[in-house]
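Take a look at the structure set out below.
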Amino acid sequence: MSSANYANLLEPGEKEARNPKIAAAFRRLALCEQAGTGLRMMKTQWVEQGHPEPEYVNDRGRKVEFRLSLIKSKKGPKTSKMPAINKMTGQVKLLLKVISAEPASVFELMKKLKLRHRKTFLANYLHPAIEIGIITMTNPESPRSPKQKYFITEKGMTIKNG
C-alpha cells in the first residue's frame, strides 16, 4: 500500500472519529488517553523492536475499512544494546530526579513534579520509566491497586548517580 493512503493518519493533530459515540465512550471509560489515533507511537515502537513497518489500509472516502497489520520479523525483535539512559525522554529524566528508594504514590510523584494531569503523567512519565526498568511497583501483581506505590530500581539508581 502506498504511504499516501495513510500518511494523514501519522500526522499530529486530532483526527475525525469514524464513530464519535464509541470514541466518547472509550474516553469516559478511560480506555483511551488522548484524542489522537496513536498510530505514530505504535509504528515507532514496532519498528524500534526490529520489525518491518506496519501496513495500513484506510478507506477514508467510504469509511468502510481501517486495518493496521503488524508483521513480525522472521528474525524476531532486535534486542537493543542501547543503555536505558539513551532511551529516556525528558519527562522520564525529570521523574528520575525526584523519585527515590522510598515508595511514593502517583499523587506524591505528581506533586514533586508540580503536575496536575494524571493521565499525562502516567503516559509520559511513569509508564515509560517502568518499561525501561528504572522504576518499579511495590505491588506488581495488582498494578491498578489504589495502594500502589513506585520506587527507583537498582538500574535507575545507577543511571541517576552515574
For the [atom1] atom of [X] and the [atom2] atom of [Y], what is their distance to the nearest 0.5 Å?
X: Ile152; Y: Leu96; atom1: CD1; atom2: CG; answer: 4.5 Å
X: Met110; Y: Thr120; atom1: CE; atom2: OG1; answer: 8.5 Å
X: Leu109; Y: Phe151; atom1: CG; atom2: CZ; answer: 12.5 Å
X: Phe107; Y: Lys149; atom1: CZ; atom2: NZ; answer: 11.5 Å
X: His127; Y: Ile132; atom1: NE2; atom2: CD1; answer: 13.5 Å
X: Leu126; Y: Met137; atom1: CG; atom2: CE; answer: 8.0 Å

Any donor and acceptor pair, going by atom type alone, linking the side chain of [X] with main-chain N or O of [Y] inside 3.5 Å?
X: Ser142; Y: Arg144; answer: no
X: Lys160; Y: Ile99; answer: yes
X: Lys155; Y: Ile135; answer: no
X: Thr153; Y: Thr136; answer: no

Non-hydrogen side-chain atoms of Leu95 and Val98 separated by less than 4.5 Å:
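Side chain of Leu95 against side chain of Val98, heavy atoms only: contact under 4.5 Å found.
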
Taking only residues two or more places apart in sequence, or in another chain, which ones meet Phe121 in a ring-ring contact (aromatic ring centres under 6.0 Å, His included)?
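ring-ring contact (aromatic ring centres under 6.0 Å, His included) check on Phe121 returns Tyr125.
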
Just jot down the side chain to side chain donor-acceptor pair (under 3.5 Å) partners of Glu108, sequence neighbours excluded, or say none.
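Ser105.
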
Return the set of residues passing side chain to side chain donor-acceptor pair (under 3.5 Å) with Thr138 (not counting sequence neighbours), or none when no residue passes.
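With sequence neighbours excluded, Thr138 shows a side chain to side chain donor-acceptor pair (under 3.5 Å) to Gln148, given in chain and number order.
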
Begin with the C-alpha distance, continue with both residues' side-chain angles, and end with the deciding distance and a verdict on side chain to side chain contact (heavy atoms under 4.5 Å, CB included) for Arg118 and Val106.
CA-CA 8 Å; Arg118 180 183 171 90; Val106 167; 3.4 Å; yes

